[in-house]
Amino acid sequence: MRSSLTRLLPPKSTDSGRCCCTVLVDLLDRCRSPASLRTVGSLHARLLLSGGGGGGGGEQPALLVKLIRAYAACGDLCRARLLFDSVPGPLKNTVFFNVMIRSYVSHRRPRDALRLLSSMSPGPDHYTYPCALKACSDAADLPAGRQLHAAVARLGLDANLFVANALITMYARCGRSDRAFQVFAEMPRRDVVSWNAIIAGFARERRFDRSIAACREMAALRGPAPDAGTLASVLPAMADAAPADIGLVRDLFDEMPAKGPIAWNAMIAIYSNNSMAKEAVGLFARMETAGPEPDALTLASVLPACGQLSAFGLGKRIHEIIKRKGMRPNMVLENALMDMYANCGCLADARDVFDGMRVRDVVSWTSIISAYGTHGRGKEAIALFEKMRESGVEPDSIAFVSLLAACSHAGLLEEGRRYFRSMTNKYRIVPRIEHYACMVDLLGRAGCIEEAYAFITKMPIRPNDRVWGALLGACRVHSNMEIGLLAADELFRLVPEQSGYYVLLSNIYARAGRWEEVTSVRSVMADKGIKKVPGCSNVELGSKVHTFHVGDQSHLQSKMIYRKLDVLLGRMKELGYVAATESALHDVEEEDKESHLTVHSEKLAIAFVLINTGRETPVRITMNLRICGDCHHFAKLVSTIAEREIIIKDTNRFHHIENGVCSCRDYW
DNA sequence: TTAGGGTTAG
């Protein structure tokens, strides 16, 4: 770079001053990274020798401005400031101040920017204010922002598009989206940046409805067309979004001409964040064939979708892309990669990524703790938590959710109690509802149902359905009818539409052989129009994810799958297998219940993998519900009969099954 | 000149 630039330099003795100046300006403009710092230095020296850039007078101000900007762009703010200070007063116009203030802002030194602003003479102009307002938002300095707003209004500059847009962002980033909206509403003219700024402003304050409404309004009006930035701005507001809203952004995406990586990345992230993993992965595939080159952000956005689908093959291929493109170290990307492996049931691969990381933050540690926890390896999760503390990373609220859940999965009762107490005593983290739910789960599944119930009654916050749900689940495991009914009562009041809790209650009755009550639960469901969520299982074969629903006959290999199931069940019965009919919801004849159970989606998925792969390939299945007792038993037997490793991810944890033994040790 | 995209739990 340096040598080519030097070669481009005009001869010193040129008599064409203007031409020389143009070339120099051009060269300086190209110096934008620390690697060009030496080039800037030599150009500066050249100017000094020709008497053009020493600050001693007689310089061309335009060249000096470019030189200051080039030093700043290369990261040498000190030299930029020295040069700035050396410019004689009469020569130091607004442009010099604007360039220096901008340099501070772009190097995240908003305080220096504001200090310089206050000493500015001549006064700021419409180029200064947008940048100064950005400094206020970076410094989260609302009073300073308000002062600037007043000054702007006095000058009548609030009608300037750039100034008004910057005001919107300043107010929004200082937590005043109401004021931001006021500025937006009063603007005589708005461009795409104004809209994006207000959409992002509402999203930032978690006023998701207003953010999406603004996006919708923008799309409906015949004003500026939404662009990639619009998608990026609305993205944080699109967590658990309504299908219609996701449809809206998809339409915007489709209508966008010449889509760049930002639009693709935002759309993929929106799908990922809304558990629409198949759509996210599908869009990524389209991007690979017909879109721009995926970057680190693309990959970090699609990896959670791979985890959701247990698309291990795709996840591994993305890992290869990361290696090939030399994208590491990149902590966010590595966190996503580690989590993908963990969610695909590959704990060892997740650990490899974790071990290879140069820098780890609380997200990295939480991910690996959670990975060990959901795989039933609670003691190791605890050891990692302690290692995290030794390494100087402080746990946050989410880290404790993972840790307590890990204790719960492994039945580590005392450890869980101790860590829960330490949250308040030692770490000054106020337990949230999620932590209480973990504790109820821990106590309940360890068999301390009475204690779990007493714990709920003493909670300082109102228990929600997750808390009561954990208790009801424990009552099913330990067949506690009395407290189970209390929990169910609360649940039917809190979330009368959620079918899962009716199913749990009916399982409790079925286990006790009280079929009359099972029938009455069923009729309550029918009366209220509540349908059981149909079970479904995903399984990856080659590069395709296959989805099976309960009783599915739509698969091309359906006949073979059912034949395989028959063979497996026959072998199992020889080994003494009896269907665990209390797992079935309906009070029907024993034989019917059994046939209902045999078509659970996870059984179909297991048979499908057995047909299509060899013994060395583990069966990896991801479900949308908790695995039922019968399927769990079935999987353990298959692992013996077919000599296969089976890894099932249900909505609660992993079941790593080998030689008839499950990593959950039947504790789930 | 102004806005805007990634990772962690249950």
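Given the structure is predicted, the values throughout are model-derived calculations rather than measurements. Proteins get letters first, then strands, A, B, ... in listed order; numbering begins at 1 in each.
Nucleic acid contact class of Arg432(A) (heavy atoms, under 4.0 Å, all strands): base. Asp396(A) comes within 4.0 angstrom of no nucleic acid atom, judged by non-hydrogen atoms across all strands. Residue contacts shown for Ala296(A) include a base, since a base heavy atom lies under 4.0 Å away. In this structure, Asn98(A) reaches neither bases nor backbone, as no heavy-atom distance under 4.0 Å exists between it and the strands shown. The residue Leu235(A) sits close only to the backbone: its heavy atoms come under 4.0 Å of sugar-phosphate atoms, none of a base. Nucleic acid contact class of Ala300(A) (heavy atoms, under 4.0 Å, all strands): base. Heavy atoms of Ala405(A) sit under 4.0 angstrom from primed sugar atoms or phosphate atoms, though from no base atom. Pro236(A) comes within contact range of no nucleotide atom at all, as no heavy-atom separation falls under 4.0 Å. Counting any heavy atom pair closer than 4.0 Å across all strands shown, Asn273(A) reaches sugar-phosphate atoms only and no base atom. Across all strands shown, Ala266(A) has no heavy atoms under 4.0 Å from either base or sugar-phosphate atoms.
Using a 4.0 Å cut-off between charged nitrogen and carboxylate oxygen, Glu320(A) and Arg317(A) do not count as a salt-bridge pair. Using a 4.0 Å cut-off between charged nitrogen and carboxylate oxygen, Lys387(A) and Glu380(A) do not count as a salt-bridge pair. The pair Glu334(A)-Arg328(A) meets the salt-bridge criterion, since a charged nitrogen lies less than 4.0 angstrom from a carboxylate oxygen. A salt bridge does not link Lys316(A) to Asp349(A): none of the charged side-chain nitrogens sits closer than 4.0 Å to a carboxylate oxygen.
For the atom pair CG of Asn464(A) and CD1 of Ile433(A), the computed distance is 4.0 Å after rounding to the nearest 0.5 Å.
Nucleotides of DNA chain B with any atom under 4.0 Å from a heavy atom of chain A span, from 5' to 3', dT1(B) to dG10(B).
Among the candidates Tyr436(A), Phe385(A), Phe420(A), the single residue satisfying the ring pair (Phe, Tyr, Trp, His ring centres under 6.0 Å) test with Phe400(A) is Phe385(A).
DNA chain B is contacted by Asn330(A), Val332(A), Leu333(A), Asn335(A), Ala336(A), Asp339(A) of residues 321-344 of chain A, taking any non-hydrogen atom closer than 4.0 Å.
Counting only heavy atoms from C-beta outward, the side chains of Thr622(A) and Gln308(A) never approach each other to under 4.5 Å.
Ring pair Trp468(A)/Tyr501(A): centre-to-centre distance not below 6.0 Å.
By the neighbour-count criterion of 12 heavy atoms within 6.0 Å, atom CZ of Arg206(A) is sparsely surrounded, having that number or fewer from other residues, nucleotides or ligands.
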